[in-house]
Amino acid sequence: MEKVKITLPDGSAKEYDKGITPLEVAKSISGRLAKETLIAEIDGIMKEINTPINNDCELKLYTFNDEKGKETYWHSSSHLMAHAVKELYPEAKFGVGPAIDNGFYYDIDINEKLSEEDLVRIEKKMKELIEKNEPFKRKELSKADALVFFNEQKDEYKLELIDGLDENTTAISLYNEGGFTDLCLGPHLPSTGYIKYFKLLSVSGSYWRGDENKARMQRIYGISFPKQKMLTDYLEFIEEAKKRDHRKLGKQLDLFSIHEDAGPGLIYWHPKGARVRNEIEDFWKKEHLKNGYDLLYSPHIGKAQLWETSGHLSHFKENMYSPMEIDEQDYYVKPMNCPFHILIYKTDLRSYRDLPLRWAELGTVYRYEKSGVLHGLLRVRGFTQDDAHIFCTKEQIEDEIIEVIRFSNYMWKSFGFESLKYYVSTRPEKVTGNDELWEQATNSLKKALEHEGLEYEIDEGGGAFYGPKIDIKIKDALNREWQMSTIQFDFNLPERFDMTYIGEDGKEHRPFMVHRALLGSIERFMGVLIEHYAGSFPVWLAPVQVAVIPVSQNYFDYAQKIVSSLLDENIRVKFDKRNEKIGYKIRDWETQKVPYMLIVGDKEETNNTISIRKHKHGDLGESKLDDFISELKSSIKNRNNNN
RNA sequence: GCUGACGUAGCUCAGUCGGUAGAGCACAUCCUUGGUAAGGAUGAGGUCACCGGUUCAAUCCCGGUCGUCAGCUCCA
């Protein structure tokens, strides 16, 4: 029998009989691997694990623990779901059904409106299909034959997809499983029986190709796993995320509100939310001053002329609010702070000796956002950017970018976010600024990241029209990613405002301009922060740090002394004088997620002590007030985030 | 903005197949002065999102508007 040499990722190579499948190779390695292998990569091409191998090759095997394994698993799951839908609704037509970060979806066109109950029916049908354990069979058709096939199916969406495929495509792949055939590049799991535990999560509206002018479809989301525990864990994760929802916690903890009558997407900070925000902003300002920034304040409105010069009226108008007329002149509320900062720049003749200038402002901007996209604190119409603009020379840009990256890391770590991901967005098609500028700026972004030893991904063509950028995404306690920081070059505004500095050579030069926001916006940041900590803020940020609870009115005097001592130390303290039992008060402060409760009664007054109860930890026993204060103060000073 | 669902007391939610509404928590008063997650009694609270229509009668049915939620698209 002829042999083939198969090289595995660890570099080891072995000879097998020609025609062996990846699954059989897996078996030869270990039974467990064979059981868990979902998909194979043969010489860089993804293939089913029952594909015969006829040539020497490099082989990689993927299980559910690999991204590629997961993707296949979910992709096949979406096919299975579509099959179940087709069985229940024979007239159904199908759009696209990919795997996504967490699970899969399929866009479906049926007349009937699907409800939660329908999802249960579909799930039941899926279970039946899984039990049949039908193999996923690949079939290749010519473009013409594929068109005929889907024409028979009356599925205009698939026809459109095929139509969009390259004219030279010789073979269009279809997958069939138990009588259900779908257009699909593949590859798939060997059979439906591989899909073990799944749940359909939701159904919502979508559009064919994401275009609201095209056909409306219904999108069913689902998730599937090879192990029961994985599914249970995932469903628990969803529950946990719901519990942490900042909109819910914002109400529960009395942090902020939004008033539909007064205007959606506009945030009202209550005393406690404002307190947290104030701590964040204080810290932010101090750190900026330490890092060589100066702070600015600028107005909220400016004449149309300014926004014309800046280009906002031609590029950003749909996000700006209608102008107001003042002395027969149109004024616009600012959607960005940059033009104002530039005006300040231009109040003086700048020398290269003045650069870099780093100017920061917690600038509140207003942008029109479509009503359907508003979301608690995360997507609003009025928000405060932790904005800064850096004006510098060509020679300075790389160091400046490095500093911003370091500063950003420092800020995120200070707030307890450890995991950051970097994305460099490069030149889109339509741009301002010449190629050389783009090239230089993009390289400086990459070099800065490399200099810091940070890995990054490239978002090809994802830059703004005015310059390339670095976006930083952070991961929260539930491992969810949020896009927050951004560092953007701007070749447009210095040009439009004719910004200059006098160089060493005595001639005028154009400064480089970098916009950057570290936290993004204070509103969004606080939304993420609330969810990250599930409302239990670390002591340094907590709106109320300590609640003092006397056992009864008899100890009010002693409790008042404690309260006064804490206030003297600038500790945010509440004196609970309510006519309630301490069990009731403890429950109340516990649900308000206050870090410490100090309980004082007869024992404490006699011993001149306090009893400390820590949020989520319970009774810590008696202690001297001075000891407690010094520990608390050190935790605040160090911005200790582990509580 | 688009699709769908929803909008009842400060909060969380019942309810009325058309006859102007109810619970728990919170709040107020009183009793109780209590030792680590809810002591008791009494009471006050609602133009049932808003505007129209149908009807003897609308919180309920119909239309519109606003808003919220799940998505789509977009973004800090």
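Throughout, a chain's letter reflects where its sequence line sits, starting with A, and its residues are numbered from 1.
- Listed by chain and number, the residues in a side-chain hydrogen bond (donor to acceptor under 3.5 Å, both in side chains) with A:R524 amount to none (sequence neighbours excluded).
- Salt-bridge check for A:E279 with A:R572: passed, with a basic side-chain N closer than 4.0 Å to an acidic carboxylate O.
- Salt bridge annotation for A:E361-A:K334: present, with a cationic side-chain nitrogen under 4.0 angstrom from a carboxylate oxygen.
- Note on A:S371: a side-chain N or O is less than 4.0 Å away from OP1 or OP2 of B:rG1.
- Among the protein residues, A:D261 comes within range of no part of the nucleic acid, since none of its heavy atoms lies under 4.0 Å from any strand.
- Residue contacts shown for A:D602 include a base, since a base heavy atom lies under 4.0 Å away.
- In this structure, the salt bridge (charged side-chain N to carboxylate O under 4.0 Å, His left out) partners of A:D576, at least two apart in sequence or on a different chain, are A:R578, A:K585.
- In this structure, A:F556 reaches neither bases nor backbone, as no heavy-atom distance under 4.0 Å exists between it and the strands shown.
- Put simply, the side chain of A:R427 never gets that close to the backbone of A:P468: no donor and acceptor are under 3.5 Å apart.
- Taking A:Y368 as the reference, A:Y321, A:K370, A:R381 meet the side chain to side chain contact (heavy atoms under 4.5 Å, CB included) condition, with sequence neighbours excluded.
- At B:rU68, none of the side-chain N or O atoms of A:H375 fall inside 4.0 Å of OP1 or OP2 (strictly under the cut-off).
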Taking only nitrogen or oxygen atoms into account, show me every contact under 3.5 Å that the protein makes with nucleotides 24-29 of chain B, one pair per line with its distance.
from, atom 1, to, atom 2, distance (Å)
B:rA26, OP1, A:Y584, OH, 2.7

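- For A:D107, the salt bridge (charged side-chain N to carboxylate O under 4.0 Å, His left out) test picks out A:R219, with sequence neighbours left out.
- A donor N or O paired with an acceptor N or O is not found under 3.5 Å between the base of B:rG71 and the side-chain atoms of A:Q218.
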Taking N or O atoms only and anything under 3.5 Å, show me the protein contacts with nucleotides 74-76 of chain B, one pair per line.
from, atom 1, to, atom 2, distance (Å)
B:rC74, O2, A:R379, NH1, 2.8
B:rC74, O2, A:R379, NH2, 2.2
B:rC74, N3, A:R379, NH1, 2.9
B:rC75, O2, A:R379, NE, 3.4
B:rC75, O2, A:R524, NH2, 3.0
B:rA76, N6, A:E369, OE2, 3.1
B:rA76, N6, A:V380, O, 2.9
B:rA76, N1, A:V380, N, 3.3
B:rA76, N3, A:S521, OG, 3.4

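- Within a heavy-atom distance below 4.0 Å of RNA chain B, the residues of residues 236-250 of chain A found are A:R247.
- Look at the C1' atom in both B:rA9 and B:rC48: the space between them is 10 Å, to the nearest Å.
- Counting any heavy atom pair closer than 4.0 Å across all strands shown, A:Y221 reaches sugar-phosphate atoms only and no base atom.
- Contact annotation for A:E622: no contact, since no heavy-atom pair falls under 4.0 Å across all strands.
- Each of B:rA70, B:rU68, B:rG34 was ranked by its minimum atom distance to the side chain of A:V551; first place goes to B:rG34.
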* To do: List the protein contact pattern of nucleotides 3-12 of chain B with one symbol per nucleotide (5' to 3'): B for base contact, S for sugar-phosphate-only contact, - for none; contact means a heavy-atom distance under 4.0 Å.
  => BS------SS
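- In this pair, A:F283 and A:F415 present their aromatic rings perpendicular. The plane angle is above 60°, beyond the 30 to 60° band.
- When base pairs are accepted only as Watson-Crick or G-U wobble with both N-N or N-O distances under 3.5 Å, RNA chain B takes part in stems of 3 or more pairs at B:1-7 with B:66-72, B:10-13 with B:22-25, B:27-31 with B:39-43, B:49-53 with B:61-65.
- Here A:D619 lies in heavy-atom contact (under 4.0 Å) with a base.
- Here B:rG64 is in the anti range [glycosidic angle more than 90° from 0].
- Residues satisfying the ring-ring contact (aromatic ring centres under 6.0 Å, His included) test with A:Y293, not counting sequence neighbours, are A:H288, A:F407.
- Legend: residues meeting side chain to side chain contact (heavy atoms under 4.5 Å, CB included) with A:S257, ordered by chain and number and at least two apart, are A:H259, A:Y268, A:H270.
- With both ends at atom P, the span from B:rG52 to B:rG46 equals 22 Å, rounded to whole Å.
- OP1 or OP2 of B:rC72 lies within a sub-4.0 Å distance of a side-chain N or O belonging to A:R219.
- Under the salt bridge (charged side-chain N to carboxylate O under 4.0 Å, His left out) criterion, A:E281 pairs with A:R277, not counting sequence neighbours.
- The residues A:R358 and A:E403 are annotated as not salt-bridged, no charged nitrogen and carboxylate oxygen being separated by less than 4.0 angstrom.
- Between A:F628 and A:Y596, the ring-plane angle classifies as perpendicular under the 30° and 60° cut-offs.
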